[in-house]
Amino acid sequence: MKQKFAIFDVDKTVIHTDSMFQFLIYGWKKRPSSAPHLFKVVLHSALYKAGVMPAEQAKSAYFHAIRHMDDSDLEHFYRTKILPAMYPEAVNVMKDKKNQGFHVLLVTASPDAYMRFFTELPYVDHVIATKLTSRNGRFTSMIEGKNCKGEEKVLRIRQYIEDTGLVIDYEQSCAYSDSLSDLPMLGLVKHKYLINHNSAHGCEGLIWNK
């Protein structure tokens with residue numbers, strides 16, 4: 001069945017911050033003894049940028065503290081650090097699209113451990129995110145499969161629409177991101193927007209404010 005989709009990246013698109021960095025700070029404040037681990041984060045980030053460490057391994061350093069957290073901790077992080085960081089414009093667009101019959105889909109490279117709570121919002125239908133492994137009922141810092149970025153986002157969207165029996169109505173659908181790395185995802189729809197970015201690659205630039 002053909003369906004109008006409104007697809008959104010999350011970090012720096014729906015929210016005005018980088019949720020992974022916010023989670024790193026949140027974890028450090030909950031467990032100050034983990035401060036020495038911050039040096040590992042810096043090292044892994046440098047190795048990733050130098051092209052000698054895969055994204056999956058580099059990102060796992062940011063989630064070191066997650067093994068000490070249960071669902072209530074993760075939900076608290078979402079409610080106190082993620083929800084308040086939403087762009088008002090993003091909220092309004094998602095609400096409008098939902099009211100117009102669009103299927104509102106969030107697709108993010110950040111982990112499902114806390115991004116999944118976005119589905120509690122009445123105007124969000126589903127969230128596709130990087131998956132973390134779990135052990136003994138808690139998430140670990142290790143990424144399961146691939147980092148949900150670039151072409152991987154397209155693969156996961158296609159798997160989702162196959163699983164749901166939906167077909168993206170290209171002419172009517174829209175997508176939003178702050179990053180050119182999401183051009184493959186933006187290419188799934190006719191109406192594409194770059195947030196706080198100049199118009200480029202057939203995408204219209206939009207300015208969203210905190």
Side-chain angles (χ1 to χ4, degrees), residues 1-20 55 78 82-83 85-132 143-210:
M1 179 182 72
K2 267 194 174 184
Q3 171 66 50
K4 296 182 296 184
F5 272 78
I7 305 172
F8 297 80
D9 172 47
V10 178
D11 291 348
K12 303 292 184 70
T13 300
V14 170
I15 62 175
H16 61 69
T17 187
D18 183 327
S19 68
M20 291 199 311
Y78 164 77
I82 302 301
L83 273 183
M86 292 181 74
Y87 281 117
E89 292 94 335
V91 173
N92 291 336
V93 170
M94 286 192 287
K95 286 181 176 179
D96 287 346
K97 294 301 181 185
K98 183 63 179 175
N99 289 336
Q100 294 167 22
F102 284 73
H103 190 88
V104 178
L105 180 64
L106 306 189
V107 188
T108 175
S110 291
D112 59 348
Y114 55 80
M115 285 295 172
R116 60 197 164 112
F117 294 111
F118 268 112
T119 57
E120 295 179 357
L121 298 175
Y123 45 87
V124 173
D125 290 293
H126 189 67
V127 175
I128 297 174
T130 296
K131 294 184 177 296
L132 299 182
I143 290 175
E144 179 182 326
K146 293 184 178 180
N147 185 35
C148 187
K149 185 175 181 179
E151 292 287 354
E152 183 66 18
K153 287 189 175 184
V154 174
L155 293 175
R156 297 202 188 185
I157 292 170
R158 286 177 174 162
Q159 185 62 57
Y160 174 68
I161 62 175
E162 180 180 332
D163 291 344
T164 56
L166 299 174
V167 176
I168 295 176
D169 185 336
Y170 176 84
E171 293 292 329
Q172 299 295 321
S173 296
C174 55
Y176 304 76
S177 177
D178 71 297
S179 175
L180 293 178
S181 70
D182 277 333
L183 283 175
M185 179 181 78
L186 296 171
L188 294 173
V189 302
K190 181 175 182 179
H191 307 284
K192 24 194 176 280
Y193 303 93
L194 289 171
I195 306 306
N196 296 329
H197 196 291
N198 292 330
S199 297
H201 300 277
C203 306
E204 180 182 346
L206 298 177
I207 301 299
W208 287 358
N209 299 300
K210 297 180 183 178

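These numbers come from a predicted model, not from an experiment.
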* Of the non-hydrogen atoms in Lys192 and Val189, which two are nearest, and what is the gap between them? -> NZ-O, 3.0 Å
* Compare every heavy atom of His191 with every heavy atom of Glu171, then report the nearest pair and how far apart it is. => O-NE2, 3.0 Å
* Asked: Is the distance between the ring centroids of Phe118 and His126 less than 6.0 Å?
  -> no
* Asked: Has the side chain of Ser173 got a donor or acceptor atom that lies under 3.5 Å from a matching backbone atom of Tyr170?
  -> no
* Taking all atoms of both residues into account, what is the closest heavy-atom pair of Leu180 and His197, and its distance? -> CG-NE2, 4.0 Å
* To do: Can you see which heavy atom on Gly150 is nearest to which on Asp182, and at what distance?
  => N-OD1, 4.4 Å
* Where Asn147 and Ala109 come nearest, the two heavy atoms and their spacing -> OD1-O, 3.6 Å
* To do: Find the distance between CG (Leu105) and CE (Met94) and round it off to the nearest 0.5 Å.
  => 11.5 Å
* To do: Quick one: pull up CG in Leu194 and OH in Tyr176 and give me the separation to the nearest 0.5 Å.
  => 12.0 Å
* **Derivation and outcome, side chain to side chain donor-acceptor pair (under 3.5 Å), residues Tyr160 and His103** => CA-CA 12 Å; Tyr160 174 68; His103 190 88; 2.8 Å; yes
* **Nearest-0.5 Å distance that lies between atom SG in Cys174 and atom CD1 in Ile7** => 8.0 Å
* To do: Determine, step by step, whether Tyr87 and Asn196 satisfy the side chain to side chain donor-acceptor pair (under 3.5 Å) criterion, reporting the C-alpha distance in whole Å, the side-chain angles of both residues, the deciding distance to 0.1 Å, and the verdict.
  => CA-CA 11 Å; Tyr87 281 117; Asn196 296 329; 3.1 Å; yes
* **Between Ser177 and Ser179: side-chain donor-acceptor atoms closer than 3.5 Å** => no
* Asked: Would you say the side chains of Gln159 and Asp163 form a donor-acceptor pair under 3.5 Å?
  -> yes
* Asked: Who pairs with Lys98 by side chain to side chain donor-acceptor pair (under 3.5 Å), at least two apart in sequence or on another chain?
  -> Asp125
* Asked: With distance as the sole test, does Thr130 use its side chain to make a donor-acceptor pair with the main-chain N or O of Cys148 at under 3.5 Å?
  -> yes
* Going from NZ on Lys210 to CD on Glu89, what distance comes out if it is rounded to the nearest 0.5 angstrom? -> 12.5 Å
* To do: For a side chain to side chain contact (heavy atoms under 4.5 Å, CB included) with Gln3, tell me which candidate from Leu166, Asp169, Ile168 qualifies.
  => Leu166
* Tyr114 ring center near Tyr78 ring center (under 6.0 Å) -> no
* Taking the side chain as every heavy atom from C-beta outward, state whether Val10 and Ser19 have any atom pair closer than 4.5 Å. => no
* Asked: Is any side-chain heavy atom of Glu151 less than 4.5 Å from a side-chain heavy atom of Leu155?
  -> no
* Asked: Under 4.0 Å between a Lys/Arg side-chain N and an Asp/Glu carboxylate O for Asp9 and Lys153?
  -> yes
* Asked: Considering only heavy atoms from C-beta outward, does the side chain of Ile161 approach that of Val167 to under 4.5 Å?
  -> no
* To do: Quick one: do Leu83 and Leu121 satisfy side chain to side chain contact (heavy atoms under 4.5 Å, CB included)? Show the steps, please.
  => CA-CA 10 Å; Leu83 273 183; Leu121 298 175; 4.2 Å; yes
* **Shortest non-hydrogen separation from Val104 to Lys97 and the atoms involved** => CG2-CB, 4.4 Å
* To do: Please determine which of Val93, Val127, Thr108, Val124 meets the side chain to side chain contact (heavy atoms under 4.5 Å, CB included) test together with Phe8.
  => Val93
* Please examine the side chains of Ile15 and Ile82, heavy atoms only from C-beta on, and report whether any two atoms are closer than 4.5 Å. => yes
* To do: Examine the side chains of Asp178 and Tyr193 and answer whether a donor and an acceptor come within less than 3.5 Å of each other.
  => no
* Are any of the side-chain heavy atoms of Ser181 and Lys149 separated by less than 4.5 Å? -> yes
* **Side-chain donor/acceptor of Arg116 to backbone N/O of Ala113, under 3.5 Å** => yes
* To do: Output the distance between atom CD1 (Ile128) and atom CE (Met115), rounded to the nearest 0.5 Å.
  => 13.5 Å
* Asked: For the atom pair NZ (Lys4) and CZ (Phe102), what is the distance rounded to the nearest 0.5 Å?
  -> 4.5 Å
* **Salt bridge flag under 4.0 Å for residues Arg156 and Glu152** => yes
